[in-house]
Undergrad: 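Before I ask anything, here is the structure I am working with.
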Amino acid sequence: MVDTSDEWIKTRTGIHERRILKGEGKGTSDMIVPAVNNLLNNSQVRPEEIDLVIVATITPDRMLPATAMHVVKRCRLINAFGFDINAACSGFLYGLETARRFVESGSYKNVIIIGADKMSSIIDYQDRNTCIIFGDGAGAALLQPSTNGLGIQDAILRADSSGVELLYQHAGGSAYPPNEETVANREHFVYQDGKQVFKAAVQGMSGVCQDILERNGLTGDDIDWLVPHQANIRIIDATRERMGLPREKTMINIHKYGNTTAGTLPLCLWGYKDQLKPGDRLLLTAFGGGFTYGAIILTWGC
Ligand SMILES: CC(C)(COP(=O)(O)OP(=O)(O)OC[C@H]1O[C@@H](n2cnc3c(N)ncnc32)[C@H](O)[C@@H]1OP(=O)(O)O)[C@@H](O)C(=O)NCCC(=O)NCCS
């Protein structure tokens with residue numbers, strides 16, 4: 001499709017495979033529904049016990065209604081309300097912090113947070129700056145009140161609006177609604193200045209990780225697992241090296257899935273869950289369009 005090679009992609013990004021959701025009329029919720037059903041089965045929580053569902057995505061099934069509503073309907077979460085969050089690759093992180101606050105308020109007991117994107121729906125397969133990187137994926141997590149001191153300990157969420165013109169999808173919103181011209185000009189696809197995004201991602205993620213560690217009187221040695229956004233293996237390595245963390249303590253699945261935007265963090269947690277023990281201290285970090293970024297420290301609960 002583009003002038004590239006398997007060798008270039010593997011060495012410059014660490015990506016070996018990507019998943020693409022295929023099928024007429026299939027949207028992001030088609031990946032979310034099995035993830036949520038699986039989550040409910042594993043946690044033995046009934047659908048009617050879910051209070052809230054938050055979907056972090058930049059690729060909603062439709063602009064209206066929220067993808068969360070499709071999930072409520074299709075997973076029969078009959079007592080839940082829900083909404084979507086658009087924070088690009090930091091969506092799961094922003095959503096996790098939002099979900100935590102709802103649980104901490106004492107009003108809600110079972111909150112599902114989802115990170116999901118069908119990136120193939122907004123990627124230009126004639127643009128080698130983006131099409132080699134992104135894939136489709138979804139993951140879901142359940143948050144409940146903690147009774148044993150485990151769970152989310154601290155969060156720092158940040159934004160750097162210098163990224164507004166460096167990573168975006170030009171048309172399709174209210175400023176440039178879709179028309180023949182926007183389609184002909186390929187303005188519904190993601191554009192990025194890869195080099196600038198790369199630099200900002202390393203600085204942003206390593207900086208906010210240092211800040212959250214310091215604020216909590218911790219060092220890299222106190223972290224059992226770094227859970228970084230999966231954008232490029234070189235970004236992951238640069239971030240963990242700045243914290244003095246080895247690869248063995250870093251969750252990595254970019255070789256299998258590429259960058260699934262809001263999906264990367266929950267897919268990592270799912271992929272590594274059999275290696276996690278209650279009490280393990282995790283440092284989650286992400287960086288994405290906006291720029292949005294942040295870090296969360298949590299101790300694994302179950
Ligand atoms: C996009 C990205 C993979 C490009 O890698 P890079 O190492 O920065 O590559 P550069 O842009 O410096 O280009 C290096 C060379 O490879 C070429 N090149 C770029 N993309 C290529 C591709 N897909 N295949 C082959 N060659 C490519 C360039 O033309 C350039 O050639 P030149 O030296 O002859 O001029 C990288 O910048 C990146 O991962 N950025 C962050 C993206 C990201 O994470 N976005 C999501 C938001 S979190």
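In listed order, ligands and their atoms are each counted from 1. Here, residue 1 is the first one in the sequence, and each next residue gets the next number. These figures come from a predicted structure and were not determined experimentally. These values consider heavy atoms only, across backbone and side chains, with no hydrogens, waters or symmetry-generated copies.
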Undergrad: Of the choices A231, A286, G288, which has the non-hydrogen atom that lies closest to atom 44 (O) of ligand 1?
TA: A231
Undergrad: Taking 4.0 angstrom as the limit and counting only heavy atoms of I133, give me the atoms of ligand 1 inside it, by number and element.
TA: 1 (C)
Undergrad: Is there a protein heavy atom at a distance of less than 4.0 Å from atom 33 (O) of ligand 1?
TA: no
Undergrad: Could you list the atoms of ligand 1 found under 4.0 angstrom from a heavy atom of T13?
TA: 3 (C)
Undergrad: Between D193 and L166 (side chain of the first, backbone of the second, donor and acceptor by atom type, cut-off under 3.5 Å), is there such a pair?
TA: no
Undergrad: Is the gap between the ring centers of Y191 and H170 under 6.0 Å?
TA: no
Undergrad: Of the choices F198, Y293, F291, W8, which has the non-hydrogen atom that lies closest to atom 4 (C) of ligand 1?
TA: W8
Undergrad: Taking R158 for its side chain and F291 for its backbone only, find out whether a donor-acceptor pair lies under 3.5 Å.
TA: no
Undergrad: Do the side chain of N42 and the main chain of L39 share a donor and acceptor less than 3.5 angstrom apart?
TA: no
Undergrad: Heavy-atom contact under 4.0 Å between V2 and ligand 1?
TA: no
Undergrad: So, R19 side chain and G137 main chain: donor-acceptor pair closer than 3.5 Å or not?
TA: no
Undergrad: Below 4.0 angstrom, N of the basic side chain to O of the carboxylate: do K118 and D61 qualify?
TA: no
Undergrad: Which part of T4 is near ligand 1, with near meaning a heavy atom under 4.0 Å away: side chain, backbone, both or neither?
TA: both
Undergrad: Would R12 count as a polar contact of ligand 1, with the cut-off being nitrogen or oxygen pairs under 3.5 Å?
TA: yes
Undergrad: What are the atoms of ligand 1, with element, lying closer than 4.0 Å to any heavy atom of N259?
TA: 46 (C)
Undergrad: Side chain or backbone, does N129 bring an N or O within less than 3.5 Å of an N or O on ligand 1?
TA: no
Undergrad: What atoms of ligand 1 come closer than 4.0 angstrom to any heavy atom of I132?
TA: 23 (N)
Undergrad: Compute the shortest N/O to N/O distance between N232 and ligand 1 and return yes if it is under 3.5 Å, no if not.
TA: yes
Undergrad: Tell me, which protein residue and heavy-atom name are nearest atom 29 (O) of ligand 1, and how many Å apart are they?
TA: R128 NH2, 2.8 Å
Undergrad: Any nitrogen or oxygen of Q192, side chain or backbone, less than 3.5 Å from one on ligand 1?
TA: yes
Undergrad: Can you confirm whether some protein heavy atom lies under 4.0 Å from atom 25 (C) of ligand 1, or whether none does?
TA: yes
Undergrad: Is there a protein heavy atom at a distance of less than 4.0 Å from atom 47 (C) of ligand 1?
TA: yes
Undergrad: Ignoring hydrogens and geometry, is there a side-chain-to-backbone donor-acceptor pair from D117 to T261 under 3.5 Å?
TA: no
Undergrad: Looking only at atom types and distance, does a side-chain atom of T292 sit under 3.5 Å from a main-chain N or O of A87, one as donor and one as acceptor?
TA: yes
Undergrad: Would you check if the side chain of T13 reaches a backbone N or O of I9 as a donor-acceptor pair within less than 3.5 Å?
TA: yes
Undergrad: Which ligand 1 atoms are under 4.0 Å away from a heavy-atom of F134?
TA: 46 (C)
Undergrad: Charged N to carboxylate O below 4.0 Å: is that the case for D237 and R247?
TA: yes
Undergrad: Would you check if there is a donor-acceptor pair between the side chains of H229 and S90 at a distance under 3.5 Å?
TA: no
Undergrad: Just which atoms of ligand 1 are under 4.0 Å from any heavy atom in L167?
TA: 47 (C)
Undergrad: Please compare G204, C89, G194 and report which has the shortest non-hydrogen distance to atom 40 (N) of ligand 1.
TA: G194
Undergrad: Looking at atom 10 (P) of ligand 1, tell me if a protein heavy atom falls under 4.0 Å from it.
TA: yes
Undergrad: Measure from the side-chain N and O atoms of N259 to the backbone N and O of I133, and report whether any donor-acceptor pair falls under 3.5 Å.
TA: no
Undergrad: For ligand 1, which atoms, with element, lie under 4.0 Å from some heavy atom of H229?
TA: 48 (S)
Undergrad: Taking heavy atoms and a distance under 4.0 Å, where does T130 meet ligand 1: side chain, backbone, both or neither?
TA: neither
Undergrad: Within ligand 1, which atoms have a heavy atom of F287 less than 4.0 Å away?
TA: 48 (S)
Undergrad: So is there a nitrogen or oxygen of R234 less than 3.5 Å from a nitrogen or oxygen in ligand 1?
TA: yes
Undergrad: Do R18 side-chain atoms and G258 backbone N/O form a donor-acceptor pair below 3.5 Å?
TA: no
Undergrad: Verify, without hydrogens or angle tests, whether T130 (side chain) and I123 (backbone) share a donor-acceptor contact under 3.5 angstrom.
TA: no
Undergrad: To the nearest 0.5 Å, tell me how far Y272 OH sits from L282 CG.
TA: 11.5 Å
Undergrad: What is the closest protein heavy atom to atom 12 (O) of ligand 1, and at what distance does it sit?
TA: K195 NZ, 2.3 Å
